[in-house]
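These numbers come from a predicted model, not from an experiment.
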Amino acid sequence: MLTVYNSLTHEKEIFTPLIPNKIRMYVCGMTVYDYCHVGHARVMVVFDMITRYLRAIGYEVIYVRNITDIDDKIIQRAIENQEDMNQLTARFIQAMHEDADALGVMRPDHEPRATESIAEIIEIIQQLFHNGYAYQADNGDVYYAVNKFKDYGKLSGKKIDELRAGERVEVEQAKQDPLDFVLWKTAKPQEPAWDSPWGKGRPGWHIECSAMSTHCLGNHFDIHGGGQDLQFPHHENEIAQSEGATGEPFVNYWIHNGFVRVNEEKMSKSLGNFFTVREVLKAYPPEVLRYFILASHYRSPLNYSDQNLDTARQALTRLYTALRGLSATENLPEDNEYRQRFHQVMQDDFNTPEALAILFELAHEINKHRSTDFNQAQKLAGELRYLAAMLGLLQTDSENFLQGETEGLSAATIENMIQQRNAARTAKNWKESDRLRDELKAQGIVLEDGAQGTTWRKI
RNA sequence: GGCUGAAUGGCAGAAUGGCUAUGCAGCGGCCUGCAAAGCCGUGGAUGUCGGUUCGAUUCCGGCUUCAGCCUCCA
């Protein structure tokens, strides 16, 4: 039985899809005017984990994650760069895909782009006009009349009156109500624009998600996800738009992941305290970043620091060390205690920290058995890889992870030095053998003398 | 000011009305030429004040502190 925390009700709920065995999920993706930072990585990894897990337990999942490729910041950045807007977005879409691939994030089934969904956007705005939720102001912009939508605030727990009381936005004169938000923006000269019944312009931010999600998944679907910061106003507005246009319930389960923090402060573009994914990947293998993200529950804050990434690397090293020398192709054991517990914790709102703890217990068992009952160790290793796959972890070869790309010393050089050292050891020339070991250590290579000979790994 | 959420051992991070989280770090031992890895053992925690209870870190209330949203943000 799968339970999921629903932001709409603030409770863990038993998950029931609208269509048996089929899950339709939409996640708000990136605005592509810059490189992805760790906060974006968290969204990608978390919903990738969720998708993998849902598929692993037998659901057919249609996963949609949009790309926002038209918005104020993109236009502004293109001007700053003196770059064609489409060229700019194409560059960062490619960079995003590279980052996602590195992190083991599978591509969504659909990746709709705002600029390719203009027809759907216009259609839904027309529907909003028809239902009395939209109006065109004197300046030509089209707005959503928030006070027409009865349930406004149901996701974020905000009340319209309180929002008004706390109003501190500069009021756009054209709006009937300060809370109204734009559906269609009239184009200024030089700005990218599309034809519409309301003149040349471009879509507001919120409407694209309503248009793309319902277009890809239907008016009413199962899961809508994104970062916590989108809960208000973005997702609140999406509900108002979608339900206002279709007259149907929009989404059953809202899933929001927590923020990444730096020194107890939200990592964000506006604060400028962000680390891009590619920056982090210069210092750490991508799987370490993925592990780091999954080592906290998706709704908890995640504190970014080198120390925490170092710990993640050590933890992952322990798992890979347990798998070392054991083939992954062995037959899986029958259903067992570990697997049952793994599913139990994962089905409790995707508790990946608990799931990882179970993987460590497996690693421990493997280590205990490997010298006494190799066959059993082999089976447990198969189980470990099988369960880790549901999290998108431990999918590479142990040696690959432990030895990695050897910068500086080549594998051949290292092997050569190991041979020299072993010759010295045979001659009981400890001074020389220790010297060679220290020399390798200075290059970041650790030697381990085992029963089957000497192995090495990177620190 | 309004609304969310959080406070767990040296660090990270789960869980639970009474019972081992887990990883890293520490300590003792085994293994090793010495190490490393691994194994065995071990110390150490629930912000604060009340309440409910036989018993609360866990439930309820107050307080303090922190983060977030209320403006673009994953």
Side-chain angles (χ1 to χ4, degrees), chain A residues 7 10 27-31 34 36-47 65 68 71-73 76 153 156-159 161-170 179 205 225-234 236 256-261 264-271 274 291-292 295-297 299-303 305 307-319 321-322 324 345 348 351-361 363-364 366-372 402 425 428-431 433-434 437-438 441 446-451 454-457 459:
Chain A
S7 311
H10 301 272
V27 173
C28 288
M30 260 53 74
T31 301
D34 208 339
C36 293
H37 63 233
V38 179
H40 299 120
R42 189 175 195 188
V43 182
M44 292 198 283
V45 168
V46 161
F47 286 97
R65 188 186 62 210
T68 299
D71 109 309
D72 289 350
K73 288 188 172 170
Q76 195 189 332
S156 54
K158 297 187 188 303
K159 298 190 177 68
D161 294 346
E162 287 166 357
L163 283 167
R164 287 216 183 87
E167 190 59 56
R168 56 190 172 100
V169 191
E170 271 187 48
L179 297 180
W205 175 39
Q228 226 161 42
D229 45 359
L230 297 185
Q231 200 165 336
F232 188 88
H234 185 57
E236 194 70 61
H256 293 98
N257 65 275
F259 296 127
V260 177
R261 295 190 198 169
E264 303 301 322
E265 196 174 48
K266 177 185 171 186
M267 177 183 291
S268 76
K269 295 232 169 135
S270 23
L271 288 168
F274 59 91
Y291 177 95
F292 166 70
S296 302
H297 184 84
R299 283 189 283 119
S300 303
L302 179 62
N303 227 338
S305 72
Q307 194 202 339
N308 291 345
L309 280 176
D310 287 339
T311 304
R313 169 155 52 193
Q314 279 168 302
L316 205 47
T317 299
R318 178 167 163 84
L319 293 176
T321 303
R324 221 173 189 188
V345 299
D348 181 10
N351 193 335
T352 53
E354 279 281 11
L356 289 173
I358 292 164
L359 299 190
F360 282 102
E361 289 180 37
H364 186 65
I366 292 169
N367 289 333
K368 279 207 293 199
H369 285 291
R370 71 187 309 139
S371 59
T372 53
L402 295 170
R425 289 176 71 212
K428 296 202 189 302
N429 183 352
W430 307 128
K431 203 177 162 189
S433 77
D434 288 352
R437 186 171 61 195
D438 289 345
K441 193 172 181 183
V446 173
L447 299 187
E448 286 162 0
D449 299 324
T454 302
T455 54
W456 64 273
R457 64 182 170 87
I459 293 177

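With P as the reference atom, rG68(B) and rC54(B) are 43 Å apart, rounded to whole Å. Atom name P, nucleotides rU4(B) and rG18(B): the rounded distance is 29 Å, in whole Å. rG26(B) and rG9(B) are spaced 12 Å apart, taking the C1' atom of each and rounding to whole Å. rC60(B) and rA67(B) are spaced 25 Å apart, taking the P atom of each and rounding to whole Å. Atom P of rC27(B) sits at a distance of 35 Å from the matching atom of rC66(B), rounded to the whole Å. Atom name C1', nucleotides rG13(B) and rC70(B): the rounded distance is 30 Å, in whole Å. For the C1' atom pair drawn from rG1(B) and rG10(B), the interatomic distance equals 39 Å after rounding to whole Å. Rounded to whole Å, the separation between the P atoms of rA6(B) and rU16(B) comes to 13 Å.
With rounding to whole Å, Gln314(A) atom CD is found 9 Å from rG23(B) atom C1'. Per the geometry, CG belonging to Leu302(A) stands 17 Å off P belonging to rA67(B), to the nearest Å. The CZ-P distance, from Phe259(A) to rA74(B), rounds to 10 Å in whole Å. Separating the CZ atom of Arg299(A) from the C1' atom of rA15(B) is a distance of 14 Å, rounded to the nearest angstrom. Remark: C1' of rC3(B) and CG of Leu163(A) are 9 Å apart, rounded to the nearest angstrom. Computed from coordinates, the Asp449(A) CG to rG33(B) C1' distance equals 10 Å when rounded to whole Å. Per the geometry, CD belonging to Glu264(A) stands 9 Å off P belonging to rG68(B), to the nearest Å. Atom CG in Asn308(A) sits roughly 12 Å away from atom P in rC11(B) (whole-Å rounding).
Val27(A) comes within 4.0 angstrom of no nucleic acid atom, judged by non-hydrogen atoms across all strands. Base contact: Ser433(A) has a heavy atom under 4.0 Å from a base atom.
Side chain Lys158(A) to base rC69(B): a donor-acceptor pair is found below 3.5 Å. Residue side chain Lys368(A) does not reach the base of rC39(B) through any donor-acceptor N/O pair under 3.5 Å, judged by distance alone. Residue-to-nucleotide contacts include a donor-acceptor pair under 3.5 Å from the side chain of Asp434(A) to the base of rG33(B). A donor N or O paired with an acceptor N or O is found under 3.5 Å between the base of rA35(B) and the side-chain atoms of Arg437(A).
Heavy atoms only, all atoms of each residue included: Arg42(A) and Ser300(A) are closest at NH2-O, 2.6 Å. Taking all atoms of both residues into account, the shortest heavy-atom contact from Phe47(A) to Gly226(A) is CZ-N, 3.5 Å.
Take the nearest nucleotide of RNA chain B for Cys28(A) and for Pro301(A): the residue whose nucleotide is more 5' is Pro301(A). Along RNA chain B, the nucleotide closest to Tyr291(A) and the one closest to Ser156(A) are compared, and the more 5′ of them pairs with Ser156(A).
Here the side chain of Leu230(A) is nearest to one of rA74(B), rC39(B), rA36(B), namely rA74(B). The side chain of Glu162(A) has rC3(B) as its nearest neighbour among rA74(B), rC3(B), rA37(B).
The aromatic rings of His37(A) and Phe274(A) sit tilted relative to each other, their planes meeting at an angle between 30° and 60°.
Between the side chain of Arg370(A) and the main chain of Arg324(A), a donor-acceptor pair closer than 3.5 Å is present.
Side-chain contact between Arg65(A) and Val43(A) is absent, with no heavy-atom pair separated by less than 4.5 Å.
Taking only side-chain nitrogens and oxygens, Asn351(A) never comes nearer than 4.0 Å to OP1 or OP2 of rA14(B).
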Test log, rule salt bridge (Lys or Arg N to Asp or Glu O under 4.0 Å), inputs Asp438(A) and Lys441(A): CA-CA 5 Å; Asp438(A) 289 345; Lys441(A) 193 172 181 183; over 6 Å; no

